[in-house]
Structure formats: structure tokens, C-alpha cells
Amino acid sequence: MAQLSDDCFAFNGPLLPVADAERLIAERVAPVDGQATATLREAAGRVLAGDVIAPVNLPPFDNSAVDGYAVRAQDLDGERDSRLAIVDRVAAGHSASHALKAGEAIRIFTGAPMPQGADTVFMQEDCRLEHGAVIVPPGLKRGANTRLAGEDIAAGAVALPAGRRLSAPDVALAAALGLTQLTVRRRVRVALFSTGDEIVEPGTRLPHAALYDSNRYLLAGLLERFGAEVTDLGILRDDEQKLARAIAAAAIDHDLVLTTGGVSTGEADHVRAAIESIGRIVFWRVAIKPGRPVAMGVIRGANSGDGSAFVGLPGNPVAVFVTFVRVVRPLLLRLSGALPEPLIGLPARAAFSYKKRKGRREYVRVKLRAVADGVVEAIKHEQDGAGVLTSLTETDGLAELGEDVTKIEPGATVSFLSYASLIG
Ligand code: AMP
Ligand code: MG
């Protein structure tokens, strides 16, 4: 499905740095084939299959940016007020019936086409009226308060590039250019499982020692934000053969099979062995916390070179979120044919102290507080267990602590990634 070949990854080391995982994905995973047509109303969130070329100028004609008086700059006195006779009036959607001649002005409103001969517009607030004439002050530059044809996008230019994940403003631009539909990539098909003998579906009875499944709901929501077509395949038991059968079957008609739980080294963790029986593990431990056990692999397809991607995320919900952001997000973008969308952390002032081990990237859940001098302070959630869901629901984002960091003291600058930026 996803054109992953068995040997598309080279890495075999024990603990893969996050950047290497991202690089492997960027270099070795090919986007899915297939295109679709989306109407403007369907297009947000889809990935453009080709460049959108502007068929017309935007704006289509020179027009006024303000309500005021259209004039010829050459008629203006550089030192003193100028007095111009008002000869016409033009509102948006209409045309002036006069071309402007020497010493004349035309009353004009925002969006109205510039009358022939006019090149400059005075804002009405800057003008005085006197017996059918307008008095305008000196000092306005030629071309002021006008919008020239094509200054936004010129006909023939690339308005939106191939691989663009369409935002609402992107769709608005396509609409402004008069387009009604866009050619987009087909959606990435993702099969989703939870694993674990203790996991039960919300809405059913909660037996002793059981836990309601939250991971599938977390992931389904996240995947949909990235435009994926999600098939929710429920909960799998901790049984290697059953896992292997279910994952292999899902791989047939999905580009990516995503599971949670069962990837660490406990005796009840069978996902890794299951994948090795139906495909190949590419890496299964990443230097990331929370979330170290995260397996990526390829499920063999019927023909060589047509395997599906597999990602086995950890079981703890916060680890699921963090590894989704750092492994699944770039993989999904890549499979969907989207251009890379690097995450850019913003500086925040740590209001916490923290110790960490060198060599891995750690994510601290933080709430932001604006402090008096305009600086933003990051306050660590009091619970940092990887299973504590409220540490996600009660915070604003993640402070990302790089591999080389060993401790953070209050007042240090940390890189803040907002949830909004991570899941958009
Ligand atoms: P595991 O990696 O399978 O040992 O799971 C690690 C922890 O995550 C265990 O405490 C699990 O109960 C918990 N967990 C696993 N799957 C889920 C799930 N779908 N929803 C909520 N918690 C889970
Ligand atoms: Mg488990």
C-alpha cells in the first residue's frame, strides 16, 4: 500500500535518536499513490497533488484600498494643499464614467476600480470639502492607498505549492482565484488497534484490574486532524498469534497500521515478535521520554516493495501522545505527500527545576503563564507519570529538553511546543 520495501530503513542500533527516526522517515518513506478531487468545502486539511497556478490576477484590477478621493499625483502641490474639482463618484462593483483629467478628483470607495488616469487615493479623513471641490494635503506618495492588479498573486504564478496541507486561508485563496475544486492526494488509510488483556471498551462493564481504552480515542482524534482515513479495529488481546493475524490482515488495505501497548520488554509484550513474524522491525526503541519503546516496522505485502508501515506506540497515554507527535506525525505527513512541517519551539521561561539523563529527548507537560514583563513562563504539571492523562488535559503544551540537557533550573529558557501546533 505505502510502497515501503523491506529494506527501506537502515538503522539497527539499540536506541535511536529522535532526529534519526525523523530523518529515516523523510528519506525512506514514499507518499501514497492516488488522487482525488475536492470541492472548496471539502478541501481544508487535504494535501495538494500539484501546484495551483493562479488563472487570473488577484486582485483582478487596480482598486482603492480606502474610502476617499482618487487623484492624479502629478496634479498635487508638493508643499501646499491642493484643490481639485470632484467630477464623479465610484462605488465597489461599479466603474467611473469619467477618465480623470488635470485638476480633477473622483469620490471613490474601498474596492472600487481606479478611474482611468487616477493613480493615488486620499483617505476621506485627510480631506476637506469646499463647494464641490476637495482640498487635499501635501505629502502623499504616488500610488498611496491603491491596490494594484496582481499584487497579491499574479496570473501564472504558483499560488499554492504541491504538497501543501490546505488551511482555511489556502482554500480562501483558491476561491479568490475563482477555482471551484482542487486536485488532492488520496487520504492515508490508517488501521488502529489497542492491545492489552486489561483494556476494555468504554460503555462496557469495568471488571477488576481492567482499564477503559483511552488510547484509541486519543489517536483517532489526532489522526483525523492530519486528514487520515481511520479504521478503528478495536482491542487486541496479548497473544502473539492473534496480534500477528490481525495486524497482517489490516495491512492488506491500509497504508499504516498503528497499535498501542505491548511493545516494551515485559512477558506480556508480544507486538514486536508478532511484527517479526509478518514483516520486519526497523527500530523499536527511540531515545525519547516519555515513550522509549516505540516500534516502527514494515508489514510484508503480497509483492516485494509494497509493504505497509507499522508503528507500535507504547501503552501509557502520555507516551502515546509524545511518540505520536515525534514519530507518527512526520510519518503521516510523509505518507500523505505533504511538505515537511517542522515543529518550531517558542522560548519560554522555566518555572521549574528538572533533572534528566543525557542522550535522550524529554518532554515536560507545562502550562503557560504570561508574566508582567511580557515573558511567558512554563509551569510544570505536578504529576509527570506517563500514564497521567490529566497532565495532558490540564496543560498547554510540551517543553522539549534536548539530548544534551542534563538539568533545568528555574529561569532557564526552554523550547515550548503548544498542543495547537502539534496536532494541527
Ligand atoms: P504496556 O506497554 O502494554 O505494558 O502498557 C503500559 C501501560 O499503559 C499499562 O499500564 C497499560 O494498562 C496502559 N495502557 C495500555 N493500553 C492502554 C489503552 N488503550 N488505554 C489506556 N491505557 C493503556
Ligand atoms: Mg499491555
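Both counts, for ligands and for their atoms, begin at 1 and track the order of listing. Both backbone and side-chain heavy atoms feed into the values below; hydrogens, waters and symmetry mates do not.
- The closest protein non-hydrogen atom to atom 4 (O) of ligand 1 is Asp269 OD1, 3.9 Å.
- For Ser214, heavy-atom contacts with ligand 1 shorter than 4.0 Å involve the backbone as well as the side chain.
- Of the charged side-chain nitrogens involved, none lies within less than 4.0 Å of a carboxylate oxygen, so that Glu229 and Arg186 do not count as a salt-bridged pair.
- Applying the 4.0 Å criterion to heavy atoms of Ser194 picks out, from ligand 1, the atoms 19 (N).
- The only option from Ile235, Val257, Asp232 that meets the side-chain contact (heavy atoms from CB on, under 4.5 Å) definition with Phe193 turns out to be Val257.
- When side chains are defined from C-beta on, Leu331 does not count as touching Val327, because their heavy atoms never get closer than 4.5 Å.
- Contact annotation: for Ile199 versus ligand 1, heavy atoms closer than 4.0 Å belong to the side chain alone.
- When the heavy atoms of Thr265, Asn316, Asn215, Ile235 are ranked by distance to atom 18 (C) of ligand 1, first place goes to Asn215.
- In Leu211, the part holding a heavy atom less than 4.0 Å from any atom of ligand 1 is the side chain.
- Under a 4.0 Å criterion applied to the non-hydrogen atoms of Asp213, ligand 1 contributes the atoms 18 (C), 19 (N), 20 (N).
- When heavy-atom distances to ligand 1 are checked against a 4.0 Å cut-off, Arg216 has no atom that comes that close, whether in backbone or side chain.
- For ligand 1 and Gly262, the ligand atoms under 4.0 Å from any heavy atom of the residue are 1 (P), 2 (O), 3 (O).
- Smallest separation of non-hydrogen atoms from Tyr212 and Thr204: OH-O, 2.8 Å.
- Among all non-hydrogen protein atoms, the one lying nearest atom 11 (C) of ligand 1 is Glu198 OE2, 3.0 Å.
- For Lys367 and Glu394, the salt-bridge test fails: no basic side-chain N is under 4.0 Å from an acidic carboxylate O.
- Counting heavy atoms only, Gly315 comes closest to atom 13 (C) of ligand 1 of the residues Ala319, Gly315, Ala209.
- Inter-residue side-chain proximity for Glu341 and Leu339 is flagged as unmet; no heavy-atom pair is nearer than 4.5 Å.
- Note: Phe226 and Phe324 have tilted aromatic rings, judged against thresholds of 30 and 60 degrees for the angle between ring planes.
- The residue from Leu219, Leu258, Leu389 that alone fulfils the side-chain contact (heavy atoms from CB on, under 4.5 Å) condition with Val320 is Leu219.
- Below 4.0 Å from some heavy atom of Gly261 lie the following atoms of ligand 1, by number and element: 2 (O), 3 (O).
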